[in-house]
Amino acid sequence: MTTEKIILGIDPGTTIMGFGLIKVVNRKMSFLQLNELHLQKYDDPYVKLKLIFERTVELIDTWHPDEIAIEAPFFGKNVQSMLKLGRAQGVAMAAGLSREVPVTEYSPKKIKMAITGNGNASKEQVAGMLKSLLSLETLPKNLDATDGLAAAVCHFYNSGKVEIGKSYSGWEAFVKQNPGKIK
């Protein structure tokens with residue numbers, strides 16, 4: 001019996017949202033797409049969030065992923081940057097949940113560890129390993145797209161492992177797992 005699924009990986013951002021798709025057939029992954037949504041030309045932060053939502057829904061409607069893996073915002077010193085990234089991530093998650101696609105988030109360190117074996121690897125090291133793993137001919141100029149692809153590959157490597165993390169199969173599951181966030 002052949003098992004097949006498509007995983008959409010997203011690296012959310014308010015300047016560039018990177019994304020990548022892989023197909024998994026019988027535990028063997030293959031590359032489908034790698035790209036970026038450029039948002040630098042938009043000044044209005046709400047327009048950016050709307051575009052992230054729309055692009056994510058478009059990807060879901062085009063590729064019909066079975067699962068979405070998203071990079072969680074990292075905890076930096078700049079609270080405003082973290083807030084913006086969290087909003088971008090939330091909008092991408094909402095797009096997936098609105099189409100009833102299960103969403104799982106991974107920390108940047110976990111993604112880097114899954115791809116390179118080193119949680120402190122550089123973006124270039126992650127991109128180089130993905131190029132090798134998926135037989136990519138070239139890499140994009142910006143590495144946000146490879147970060148999105150890395151989230152998908154990390155999810156593939158973590159599939160079937162029992163792990164306590166944040167994974168939601170829909171709004172109902174989100175509400176059950178986050179009762180304190182609902183007023």
Side-chain angles (χ1 to χ4, degrees), residues 6-22 31-112 114-115 121-131 134 136-155 166-168 170-171 174 181:
I6 293 176
I7 303 170
L8 167 61
I10 299 174
D11 176 27
T14 54
T15 305
I16 299 174
M17 177 183 91
F19 57 90
L21 289 126
I22 59 171
F31 171 75
L32 291 176
Q33 188 190 27
L34 173 73
N35 212 332
E36 299 164 339
L37 171 63
H38 293 268
L39 301 161
Q40 309 85 315
K41 63 183 174 186
Y42 303 99
D43 293 326
D44 187 334
Y46 301 108
V47 168
K48 290 180 179 189
L49 295 175
K50 177 180 177 279
L51 293 170
I52 291 167
F53 184 89
E54 290 173 347
R55 182 63 174 128
T56 304
V57 166
E58 180 186 341
L59 287 165
I60 293 166
D61 290 347
T62 301
W63 292 94
H64 307 288
D66 299 285
E67 298 167 352
I68 296 174
I70 192 162
E71 184 174 314
F74 58 91
F75 298 96
K77 292 180 181 174
N78 187 332
V79 176
Q80 286 300 319
S81 292
M82 177 125 173
L83 179 62
K84 289 175 186 175
L85 283 174
R87 287 177 175 170
Q89 180 198 29
V91 167
M93 291 171 76
L97 295 171
S98 76
R99 291 294 199 259
E100 298 185 11
V101 180
V103 177
T104 304
E105 60 181 324
Y106 295 94
S107 71
K109 273 192 180 292
K110 178 133 182 128
I111 293 171
K112 290 174 182 180
I115 306 303
S122 68
K123 281 180 172 274
E124 293 77 16
Q125 289 171 314
V126 170
M129 186 59 81
L130 288 171
K131 185 176 180 184
L134 296 167
L136 303 176
E137 291 182 24
T138 59
L139 291 172
K141 184 175 76 169
N142 297 318
L143 297 180
D144 297 277
T146 53
D147 286 350
L149 185 63
V153 173
C154 172
H155 187 67
K166 294 185 178 179
S167 182
Y168 312 111
W171 286 115
F174 177 82
K181 294 185 180 183

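Just so it is clear, the structure is predicted and the values come from calculations on it, not from any experiment.
Residues His155 and Ala69 approach most closely at CB-CB, 3.5 Å, considering heavy atoms. Closest approach of Ile111 and Ala150 over heavy atoms only: CG2-CB, 3.6 Å. Taking each heavy atom of Met129 and Ile115 in turn, the nearest pair found is CG-O, 3.2 Å. Contact detail for Pro108 and Ala72: the closest heavy-atom pair is CD-O, 3.6 Å. The two atoms that bring Thr14 and Lys84 nearest to each other are CG2-O, 3.6 Å, heavy atoms only. The nearest pair of heavy atoms linking Pro12 to Leu85 is O-CD2, 3.5 Å.
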Would Thr56 and Phe19 count as a side-chain contact (heavy atoms from CB on, under 4.5 Å) here? Give the steps. CA-CA 9 Å; Thr56 304; Phe19 57 90; over 6 Å; no

Can Val126 and Leu143 be said to form a side-chain contact (heavy atoms from CB on, under 4.5 Å), step by step? CA-CA 9 Å; Val126 170; Leu143 297 180; over 6 Å; no

If you apply the rule side-chain contact (heavy atoms from CB on, under 4.5 Å), what do you find for His64 with Ile6, and how did you get there? CA-CA 7 Å; His64 307 288; Ile6 293 176; 5.8 Å; no

Give the intermediate values and the outcome of side-chain contact (heavy atoms from CB on, under 4.5 Å) for residues Glu67 and Thr104. CA-CA 8 Å; Glu67 298 167 352; Thr104 304; over 6 Å; no

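Summarising the geometry, atom CD1 belonging to Ile16 is positioned 9.5 Å from atom CG belonging to Leu37; distances are rounded to the nearest 0.5 Å. The line from NZ of Lys48 to CD of Gln40 is 7.5 Å long, rounded to the nearest 0.5 Å. For the atom pair NZ of Lys112 and SG of Cys154, the computed distance is 12.5 Å after rounding to the nearest 0.5 Å. The CZ atom of Arg55 lies 6.5 Å from the CG atom of Asn35; values are rounded to the nearest 0.5 Å.
Ile10 places a side-chain heavy atom less than 4.5 Å from the side chain of Met17. Residues Thr15 and Asp144 are not in side-chain contact: their nearest non-hydrogen atoms beyond the backbone lie 4.5 Å or more apart. At a threshold of 4.5 Å between non-hydrogen side-chain atoms, the residues Asp147 and Lys123 count as touching. Leu130 is not listed as a side-chain neighbour of Leu34, based on a closest heavy-atom distance of 4.5 Å or more. Side-chain contact check for Trp63 versus Leu8: every heavy-atom pair is 4.5 Å or farther apart.
Within 6.0 Å of OH on Tyr42 lie no more than 12 heavy atoms contributed by other residues, nucleotides or ligands.
Applying side-chain contact (heavy atoms from CB on, under 4.5 Å) to Leu149 and the options Leu139, Asp11, Leu136 leaves one that passes, Leu136.
Side-chain atoms of Asp44 come within 3.5 Å of backbone atoms of Tyr46 as a donor-acceptor pair (strictly under, hydrogens ignored).
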